[in-house]
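Accompanying notes for the structure given below.
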Amino acid sequence: MGSIDLKEENNNNVILKEHQEGVAVKTKHKGFKEKTFVVRESLLTTEFRNGNMKIVYNCFTAVFLLFFLRALVDDILVQKMPLHHTWLIWWNFEKFFSTMAVWTGMFLSTIGVYFAYQHWSTIPSKNTNLPSNMPFVATYLTYLTAFFYFPLKFLYESNLNCACSFIITCETTRIAMKVHSFIRENWSRAMIRKSGGTINAWPTLEQFLYYQFCPSFIYRDSYPRTEKRDMKAAGLYFLECLAIIEFVNLTYTQWVFPWLHVQDYTSLSLSTIALSLFTGIIPGIICLITLFYGLLHCWLNCFSEMMQFADRQFYLNWWNSSNMAEYYRNWNLVVHDWLYAYVFRDLAAYYPGRKGQKAAQMAVFFLSAVFHEYWFGVAFRCFYPVMFVLYFIFGGIFFAVSRLITNRSAWNTALWFNLLIGTGMFIAFYGQEWYARRGHCAPYSNAVVDLLFPRHWNCQPPIS
């Protein structure tokens with residue numbers, strides 16, 4: 001969209017540098033970096049303006065229009081009902097309003113955290129080390145447990161469909177990450193205040209609420225801002241998000257659903273299951289790229305425009321990465337910043353040395369894999385750890401092997417091979433298990449086995 005102009009702000013916590021490379025500064029811990037917010041546009045915004053990536057955008061637009069045209073022909077001539085193909089969208093968002101009511105309660109609970117934390121910081125204490133503040137830590141962990149438990153309870157009791165399930169699970173994760181950063185970034189302030197010292201100011205409720213909605217997981221009192229709010233640009237980004245939802249819907253209703261819905265799951269052989277992986281590659285990679293563009297570019301830029309948030313480097317050119325570490329970092333910088341600051345850096349500082357850094361890297365991979373599996377497993381109501389295997393096992397192996405590949409072209413080919421196989425596995429295996437558990441296969445006699453093992457591996461006809 002338009003170019004970004006800097007709004008000057010006095011802020012001790014945010015270091016503003018008007019250049020593209022100054023993304024981090026060294027902290028007091030040697031070798032660690034501190035997140036620095038600067039004024040910059042998203043990479044695709046710049047690339048589209050220069051015309052470098054416009055051909056890719058145009059190709060996907062053409063594919064979308066062809067998919068949509070095919071759907072209209074089928075709706076009108078075959079189904080005799082305009083927009084019949086949108087049934088999957090309506091099914092997914094069937095309980096959207098009740099879901100958003102629960103989301104409102106989740107959000108309001110964070111305001112309670114703000115006031116509770118503010119009040120706790122005013123209670124005098126002689127000891128400000130972590131062991132002496134364990135009651136607060138225990139209360140905080142109890143809050144997080146309840147924060148994840150009650151929305152999940154609502155999700156299962158209301159039998160939410162996939163999209164609304166993703167809203168609940170992803171938003172509990174996002175808000176919890178926000179709250180954790182707020183507490184961590186203001187911990188020193190709280191300790192100074194409790195010991196009788198003087199601080200410049202405690203974050204205001206307005207600052208806290210701005211942080212809750214701005215596209216960053218790292219809390220600061222203020223961020224670089226644009227001079228004006230461009231609601232037209234925000235509206236266009238939002239329309240693109242709706243188009244992405246329709247694109248994914250068209251991909252599933254025209255490619256995935258006709259293929260998986262009619263399979264005879266009782267006669268699936270190992271070769272059929274394995275070959276289905278390759279069938280799922282094309283719809284899988286379409287969904288991967290469109291969801292990346294819709295979420296990490298359009299959705300985050302939409303909120304940036306509405307909130308005048310000027311640091312819009314949410315990703316880098318992950319598609320041209322030279323190693324696995326670069327890919328994981330560049331794919332989603334927003335989440336990477338949080339994982340680096342509060343998982344990797346904390347663990348590496350607590351366990352110094354090379355072994356500590358290796359353990360911290362392992363923890364980042366493991367945590368990322370667990371939460372991806374949590375989101376997809378809950379949404380699809382099955383334990384089929386495709387995401388965990390892709391992120392933690394295959395991702396970890398590929399991370400180590402990628403360091404041995406010195407040729408950039410060879411590495412990039414290996415990266416895309418890995419992405420294509422991974423998306424094929426996701427579409428094929430999760431899709432088959434979804435339909436296996438929707439009346440195509442009888443459950444295992446043992447409830448634990450039925451929970452942990454895919455039914456389509458050994459499908460038995462359901463009892464009439």
Side-chain angles (χ1 to χ4, degrees), residues 20 23-24 33 35-38 40-47 53 166-167 169-178 180-181 211-219 223 237 240-241 244 248 284-304 309 311-345 360-361 363-376 379 386-388 390-392 394-396 398-399 402 412 415-416 418-419 422-423 426:
Q20 295 294 318
V23 298
K33 297 178 180 180
K35 172 67 177 179
T36 305
F37 291 92
V38 300
R40 52 198 161 190
E41 293 178 325
S42 294
L43 178 60
L44 287 181
T45 302
T46 305
E47 293 296 310
M53 294 287 287
F166 275 119
I167 292 174
T169 54
C170 292
E171 282 298 287
T172 50
T173 308
R174 183 190 69 86
I175 294 174
M177 291 168 70
K178 290 259 189 181
H180 185 75
S181 178
Y211 164 65
Q212 283 294 316
F213 289 97
C214 78
S216 172
F217 283 131
I218 306 295
Y219 175 79
Y223 302 85
Y237 281 126
E240 284 192 289
C241 290
I244 290 297
V248 174
I285 202 65
I286 289 175
C287 291
L288 175 72
I289 294 175
T290 53
L291 289 175
F292 155 75
Y293 179 74
L295 181 61
L296 292 176
H297 182 75
C298 297
W299 186 254
L300 296 185
N301 271 288
C302 177
F303 273 84
S304 294
F309 187 83
D311 190 347
R312 301 177 184 182
Q313 192 179 76
F314 309 125
Y315 55 87
L316 287 173
N317 59 337
W318 55 267
W319 51 88
N320 196 31
S321 299
S322 59
N323 56 65
M324 199 64 184
E326 185 180 341
Y327 164 74
Y328 276 121
R329 179 173 62 251
N330 292 348
W331 166 262
N332 188 341
L333 291 177
V334 183
V335 172
H336 170 266
D337 290 338
W338 191 93
L339 289 171
Y340 178 83
Y342 308 121
V343 180
F344 176 81
R345 193 173 64 188
Q361 284 181 345
V364 169
F365 273 107
F366 181 78
L367 192 64
S368 180
V370 165
F371 273 93
H372 276 83
E373 191 60 45
Y374 161 64
W375 301 330
F376 286 95
V386 174
M387 297 303 294
F388 184 85
L390 288 176
Y391 271 81
F392 187 62
F394 287 174
F398 207 48
F399 179 83
S402 68
N412 200 246
L415 167 68
W416 280 101
N418 187 48
L419 289 177
T423 54
F426 173 80

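The analysis underlying the following values was restricted to heavy atoms, covering all of them including side chains, and did not include hydrogens, waters or symmetry mates. Note that this is a predicted model, so its numbers are computed, not measured.
Annotation: W375, atom CH2; neighbour count of heavy atoms from other residues, nucleotides and ligands within 6.0 Å is above 12.
The two residues T423 and I285 make their nearest non-hydrogen contact at OG1-N, 3.7 Å. When all heavy atoms of N301 and H297 are compared, the pair lying nearest together is ND2-O, 2.7 Å. In this structure, N330 and N317 approach most closely via the heavy-atom pair ND2-OD1, 4.2 Å. Smallest separation of non-hydrogen atoms from C298 and C241: CB-SG, 3.6 Å. Scanning all heavy atoms of the two residues, the minimum distance from A363 to V343 falls at CB-CG1, 4.2 Å.
Rounding to the nearest 0.5 angstrom, the gap separating the CZ atom in F314 from the OG atom in S304 is 3.0 Å. In this structure, CG in N332 is found 7.5 Å from CG in L300, a value given to the nearest 0.5 Å. Atom NE2 of residue H372 and atom CG of residue L367 lie 10.5 Å apart, to the nearest 0.5 angstrom. The OH atom of Y211 lies 6.5 Å from the OG atom of S216; values are rounded to the nearest 0.5 Å. We find the NZ-CG distance between K35 and L333 to be 6.5 Å, quoted to the nearest 0.5 Å. Within the model, atoms CH2 of W331 and CH2 of W319 stand 10.0 Å from one another, a figure rounded to the nearest 0.5 Å.
Under the 6.0 Å cut-off for aromatic ring centres, F217 and H180 do not qualify, their centroids lying 6.0 Å or more apart. Taking the six-membered ring for Trp and the full ring otherwise, F309 and F303 have centroids separated by 6.0 Å or more. Aromatic rings from F292 and Y315 are positioned such that their centres are separated by under 6.0 Å.
Counting only heavy atoms from C-beta outward, the side chains of D311 and Y223 never approach each other to under 4.5 Å. Counting only heavy atoms from C-beta outward, the side chains of V364 and H336 never approach each other to under 4.5 Å. Between L419 and Y327 there is a side-chain heavy-atom pair separated by less than 4.5 Å. In this structure the side chain of Y374 reaches within 4.5 angstrom of the side chain of T173, judged on heavy atoms. Within the 4.5 Å cutoff, the side chain of I175 has heavy atoms near those of the Q212 side chain.
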Practice task
Please lay out, stage by stage, how Y342 and I218 fare under the test side-chain contact (heavy atoms from CB on, under 4.5 Å).
Solution key: CA-CA 10 Å; Y342 308 121; I218 306 295; 3.7 Å; yes
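A salt bridge does not link E326 to R329: none of the charged side-chain nitrogens sits closer than 4.0 Å to a carboxylate oxygen.
Between the S321 side chain and the W318 main chain, a donor and an acceptor come within less than 3.5 Å of each other. In this structure a side-chain-to-backbone donor-acceptor pair under 3.5 Å is missing from S181 to K178.
Ring pair Y340/F344 is parallel by interplanar angle, where below 30° counts as parallel and above 60° as perpendicular.
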